[in-house]
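This report concerns only the one structure given below.
Atoms within a ligand are numbered from 1 in the order they appear, just like the ligands themselves.
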Amino acid sequence: MSTNTFENVKKVILSAHKGSTAKDKVTFYNSWAENYDQDVAVLDYRAPSLAANTISSHFSGEREAAVVLDVACGTGLVAKQMKKHGFGHFVGIDGSEAMLEMARESGLYQDMKHSLLGEEPLPVHWAASFDVIVIVGALSVGQVPVCMVRQLCKSAKPGGYICMTTRSNQDNVEYKAALESELRQMEEEGLWTRVEVTEVKDWERAVSEQEDGYISGAVYLYKKLRA
Ligand SMILES: C[S@@+](CC[C@H](N)C(=O)[O-])C[C@H]1O[C@@H](n2cnc3c(N)ncnc32)[C@H](O)[C@@H]1O
């Protein structure tokens, strides 16, 4: 299959903004799944490797044995990057069946779950289960709601890491502020401690009509303190 042009990828992504509910979004991802990996490469989408590098630079445990929950795993780009750093046990969860199918085909995940995050809670038996929880490219307006980060923290083992990313561009300003407020609030409640927050200038190529060049984004790494 030939690589899409930047203009075509832009059209595909702008078409996703027509629907505004989480269901509309996953329907869009169902239709995008097959071309997702090659299209995001055209956008110079580096969030999976940026998150994997951040986790890797702080994680000091046994990587092969660590259980990683990849939330909104999509086609599996995050697990692919984390594997390069020696991690080997991945559980994936996503609301799009077609994206999950691509992830399944990657052979990287030991277990997968289909779930619309924000509408369905994470399984109760996942509490305090994971050494690392990572969510990349999904904490943004119209996707996974901010309230989910509390559940992510709950699912991490005490001492486990939670790595999150978000976009810093115009349409996500309000969402990012709400996310950061929740992250701070949870730190004040003693649920976790901030390990690293990195603002990245060249996050990915801009696709909106109002923006040019690259948009910026951020990687957040927190460490869970107690169950
Ligand atoms: C930009 S992709 C990111 C995928 C992968 N993490 C990556 O970085 O390549 C966003 C993913 O989030 C999923 N998603 C968005 N909103 C969701 C929701 N409310 N519940 C479950 N999955 C959701 C989509 O299906 C899609 O696979």
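Close N/O approach between A72 and ligand 1 is found [any backbone or side-chain N/O within under 3.5 Å]. Taking only nitrogen or oxygen atoms, main chain and side chain alike, D70 does not reach within less than 3.5 Å of ligand 1. Residue V26 places no N or O, backbone or side chain, under 3.5 Å from any N or O of ligand 1. Taking only nitrogen or oxygen atoms, main chain and side chain alike, G95 reaches within less than 3.5 Å of ligand 1. The shortest N/O to N/O separation between Y29 and ligand 1 does not fall below 3.5 Å. Residue L116 places no N or O, backbone or side chain, under 3.5 Å from any N or O of ligand 1.
Residue Q81 comes nearest to H85 through the heavy atom pair O-CD2, 3.4 Å, listed as atom of the first residue, atom of the second, then distance. Heavy-atom minimum distance, N172 versus V141: OD1-N, 2.9 Å.
Using modelled atom types, one finds a donor on one side chain and an acceptor on the other under 3.5 Å when comparing D70 with Y109.
Looking at heavy atoms from C-beta onward, Y220 lies in side-chain contact with L179 at the 4.5 angstrom threshold.
Shortest contact from atom 17 (C) of ligand 1 to any protein heavy atom: V144 CG2, 3.8 Å. The single protein non-hydrogen atom nearest to atom 13 (C) of ligand 1 is D94 OD2, 3.4 Å, given as residue, atom name and distance. Of all protein heavy atoms, the one lying nearest to atom 2 (S) of ligand 1 is Y36 OH, 3.4 Å. In this structure, the protein non-hydrogen atom closest to atom 20 (N) of ligand 1 is L117 N, 2.8 Å. Nearest non-hydrogen protein atom to atom 8 (O) of ligand 1 is Y45 OH, 2.6 Å. The protein heavy atom nearest to atom 15 (C) of ligand 1 is Q143 OE1, 3.3 Å.
Within the cation-pi definition used here (under 6.0 Å to the ring centroid, within 45° of the axis), R205 qualifies as a partner of F6.
More than 12 heavy atoms of other shown residues, nucleotides or ligands fall within 6.0 angstrom of atom CD in E199. No more than 12 heavy atoms of other residues, nucleotides or ligands sit less than 6.0 Å from atom CD of Q170. Within 6.0 Å of atom CZ in R104, more than 12 heavy atoms from other residues, nucleotides or ligands are found, so the atom counts as buried in its surroundings.
Near L77, meaning under 4.0 Å from one of its heavy atoms, ligand 1 places the atoms 9 (O). Numbered from 1 in the order shown, with element, the atoms of ligand 1 that lie under 4.0 Å from a heavy atom of S96 read 25 (O). Counting the atoms of ligand 1 from 1 in the order shown, those under 4.0 Å from a heavy atom of A138 are 12 (O). For ligand 1, the atoms closer than 4.0 angstrom to any heavy atom of P48 are 8 (O).
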Checklist entry - Where do R150 and E189 land on the salt bridge (charged side-chain N to carboxylate O under 4.0 Å, His left out) test, with the steps shown first? => result CA-CA 11 Å; R150 252 171 213 275; E189 290 173 28; 2.9 Å; yes
Checklist entry - Which is it for W32 and I13 under the side chain to side chain contact (heavy atoms under 4.5 Å, CB included) test, yes or no, and what are the steps along the way? => result CA-CA 9 Å; W32 197 21; I13 293 173; 3.9 Å; yes
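The pair K157-D131 meets the salt-bridge criterion, with a side-chain N (NZ, NE, NH1 or NH2) lying under 4.0 Å from an Asp/Glu carboxylate O.
For G118, the heavy-atom gap to ligand 1 stays at 4.0 angstrom or more.
When heavy-atom distances to ligand 1 are checked against a 4.0 Å cut-off, C73 comes that close only through its backbone atoms N, CA, C and O. Contact annotation for V136 and ligand 1: heavy atoms of both the backbone and the side chain come within less than 4.0 Å of the ligand. Contact annotation: for S115 versus ligand 1, heavy atoms closer than 4.0 Å belong to the backbone alone. Of the heavy atoms in K25, none comes closer than 4.0 Å to ligand 1.
Residues satisfying the side chain to side chain contact (heavy atoms under 4.5 Å, CB included) test with V195, not counting sequence neighbours, are H58, Y161, L221, K223.
With hydrogens and angles ignored, the 3.5 Å screen pairs a side-chain donor or acceptor of D94 with a backbone N or O of G74.
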